[in-house]
Amino acid sequence: PSEMGWLPMFMHFYQGFWYTTRQLSAILPVQHHFKALDSDIVLVSTPKSGTTWLKAILFALLNRSYCYSNIKGDHPLLQKNPHELVPFLEFLHMLDTNPDLSSFTSPRLLATHIPFGSLPESMKDSECKIVYLCRNPKDTYVSLWQFTNKLLPKETGTTSPLEETFDKFCRGVSVYGPFWDHVLGYYNASLEMPHKVFFLTYEEMKEKPIEQLKRLADFLGCPFSEDEEEVDGGVDEILRLCSFDNLSKLEVNQNGKLSTGHENKSFFRKGEVGDWVSYLTPDMIERIDRITEEKFHGSGLKL
Ligand code: A3P
């Protein structure tokens, strides 16, 4: 068993998904203790799909009045990493199995990587809203491998070879994997409950950020009025504030650290679509594309 936090040295299979010891020990109290409120907004994502970006965007979107006066000054996103402003439920319940969340202002903005089938009952039963983010499996995998290899050498003096972890990823053995089952769970839920689950991809957000931000605002019941779009705190400004270029260069994200021990800069690498071409061999591409096609066959979903 690994004592090294989330690092995938020893994995557990629970309710159809793979976790490290530490992740699983956080998920169980979330399932037992977290009581969702009707007003909650929960960002769910697969690891390395751009969670940091969406956390920033949702925070800015829901704190627009703050943006109007502060975006050029002391906006929280200029002072803190998005993971500090929008905590993971797993992390909160890791610190304290039944944490006191009463200091959160309404609507509470929280995040998790927990698969749909394993969500706490209160999240399904309440009116809380879920924004789901995923990314194409090839970029997700490369980003995950890069992230893991940044931490592994420091803690173990070794790195994990791309070929080895790629094989595991394809077999579903990755943190919160199988990746495809995670995505399908939320995709199907978004079709069944479009008022509750908003399904979004990193690629859609990259390609049409203005359109997606407006869709998000509509879904969360805080639409932009036409005259609000280009003003301070409007669509353009939120996207600029949360851009990779802006966030990754901030002092807090260059030199800060989270209480989990992660360096803030480890959440900002390239921030592009298609970086996988530099890492995957033709055989790997053929294998992962085939799995994606087989898994998503008949679902109407393409990544
Ligand atoms: P890459 O490793 O491909 O660069 P997560 O936040 O879920 O851990 O995902 C991290 C990925 O999102 C990394 O991808 C990171 O560079 C990218 N990312 C972080 N902030 C971003 C931003 N503001 N805009 C676009 N991508 C961002």
Side-chain angles (χ1 to χ4, degrees), residues 5-8 23 42-61 75-78 80-91 109-115 131-152 162 165-166 169 174-177 179 182-183 186 200-210 212-213 216 236-250 252-254 256-258 260-280 288 303:
W6 68 277
L7 295 174
Q23 284 164 347
V42 185
L43 167 63
V44 188
S45 62
T46 47
K48 312 321 290 174
S49 59
T51 321
T52 316
W53 185 22
L54 243 287
K55 281 187 176 187
I57 285 183
L58 290 174
F59 182 88
L61 181 60
H75 190 282
L77 280 164
L78 301 176
K80 291 186 175 181
N81 178 276
H83 294 288
E84 282 184 77
L85 297 168
V86 186
F88 280 111
L89 286 173
E90 290 90 316
F91 178 63
L109 178 56
L110 299 157
T112 184
H113 288 315
I114 298 178
V131 173
Y132 182 72
L133 177 72
C134 61
R135 185 182 193 184
N136 81 72
K138 292 184 288 244
D139 278 332
T140 302
Y141 167 70
V142 168
S143 184
L144 182 64
W145 178 72
Q146 292 277 1
F147 186 71
T148 310
N149 268 8
K150 269 185 200 149
L151 297 179
L152 271 175
L162 184 96
T165 51
F166 181 81
F169 185 86
S174 61
V175 286
Y176 294 87
F179 167 86
H182 199 290
V183 175
Y186 282 95
L200 179 65
T201 67
Y202 183 87
E203 292 76 19
E204 287 169 333
M205 197 63 209
K206 274 276 185 190
E207 198 188 343
K208 293 189 174 160
I210 297 175
Q212 299 306 337
L213 181 52
L216 267 172
D236 292 350
E237 196 128 65
I238 289 177
L239 291 172
R240 258 202 312 280
L241 171 69
C242 301
S243 70
F244 183 87
D245 222 37
N246 188 50
L247 291 185
S248 63
K249 286 184 185 144
L250 294 174
V252 63
N253 292 327
Q254 295 252 328
K257 235 182 178 187
L258 296 178
T260 51
H262 294 102
E263 290 184 81
N264 290 348
K265 66 177 175 217
S266 66
F267 295 97
F268 303 93
R269 192 183 61 92
K270 262 204 152 154
E272 286 172 9
V273 174
D275 189 41
W276 54 266
V277 289
S278 315
Y279 296 90
L280 305 184
I288 199 166
L303 280 188

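Index from 1, following the sequence. In listed order, ligands and their atoms are each counted from 1.
Distance check, rounded to the nearest 0.5 Å: NZ of Lys270 to CD of Gln146 gives 8.5 Å. We find the CG-CD distance between Leu77 and Glu84 to be 10.5 Å, quoted to the nearest 0.5 Å. Phe179 contributes atom CZ, which lies 10.5 Å from atom CG of Leu144 (distance to the nearest 0.5 angstrom). Here the OG-CH2 distance, from Ser143 to Trp276, works out to 15.0 Å after rounding to the nearest 0.5 Å.
Regarding atom 25 (C) of ligand 1, its nearest protein heavy-atom neighbour is Tyr202 OH, 3.3 Å. Closest to atom 16 (O) of ligand 1, if we only count protein heavy atoms, is Arg269 N, 2.9 Å. Scanning all protein heavy atoms for the shortest distance to atom 22 (C) of ligand 1 gives Trp53 CG, 3.4 Å. Annotation: atom 5 (P) of ligand 1 to nearest protein heavy atom, Thr51 N, 3.4 Å. When only non-hydrogen protein atoms are considered, atom 27 (C) of ligand 1 lies nearest to Phe244 CD1, 3.7 Å. From the protein, the heavy atom lying nearest to atom 19 (C) of ligand 1 is Phe267 O, 3.1 Å. Closest to atom 9 (O) of ligand 1 among all protein heavy atoms lies Gly50 N, 3.1 Å. Atom 6 (O) of ligand 1 has its closest protein heavy atom at Thr52 OG1, 2.5 Å.
Applying the 6.0 Å contact sphere to NZ of Lys80 captures no more than 12 heavy atoms from other residues, nucleotides or ligands.
Here is the list of ligand 1 atoms found below 4.0 Å of a heavy atom in Gly271: 1 (P), 4 (O), 16 (O), 26 (N). Using a 4.0 Å cut-off to heavy atoms of Phe268, the atoms of ligand 1 that qualify are 16 (O), 19 (C), 20 (N). The Cys242 neighbourhood of ligand 1 comprises atoms 23 (N), with distances under 4.0 Å to a heavy atom of that residue. Below 4.0 Å from some heavy atom of Ser243 lie the following atoms of ligand 1, by number and element: 23 (N).
Below 3.5 Å of separation, one finds no N or O of Lys206 facing any N or O of ligand 1. When only interatomic distances are considered, the shortest N/O to N/O separation between Ser143 and ligand 1 falls below 3.5 Å. Checked by distance only, ligand 1 and Leu247 stay at 3.5 Å or farther apart across all their nitrogen or oxygen atoms. At a 3.5 angstrom cut-off on N or O pairs, Thr46 does not count as close to ligand 1.
Remark: Lys55 qualifies as a cation-pi partner of Phe88 under the 6.0 Å distance and 45° angle criteria applied to the six-membered ring.
Between Phe267 and Trp53, the distance from one ring center to the other does not fall under 6.0 angstrom. Proximity of the aromatic rings of His262 and Phe147 is defined here by a centroid distance below 6.0 angstrom, and this criterion is met.
When the heavy atoms of Lys55, Lys48, Arg135 are ranked by distance to atom 3 (O) of ligand 1, first place goes to Arg135.
Taking the six-membered ring where tryptophan is involved, the planes of Phe59 and His75 are perpendicular, since the angle between them exceeds 60° and thus also 30°.
Tested against Leu43 for a side chain to side chain contact (heavy atoms under 4.5 Å, CB included), the candidates Thr112, Val131, Leu200 yield a single pass: Val131.
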**Test log, rule salt bridge (charged side-chain N to carboxylate O under 4.0 Å, His left out), inputs Asp275 and Arg269** = CA-CA 11 Å; Asp275 189 41; Arg269 192 183 61 92; 2.8 Å; yes
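Residue contacts with ligand 1 leave out Phe147, since none of its heavy atoms falls under 4.0 Å from the ligand.
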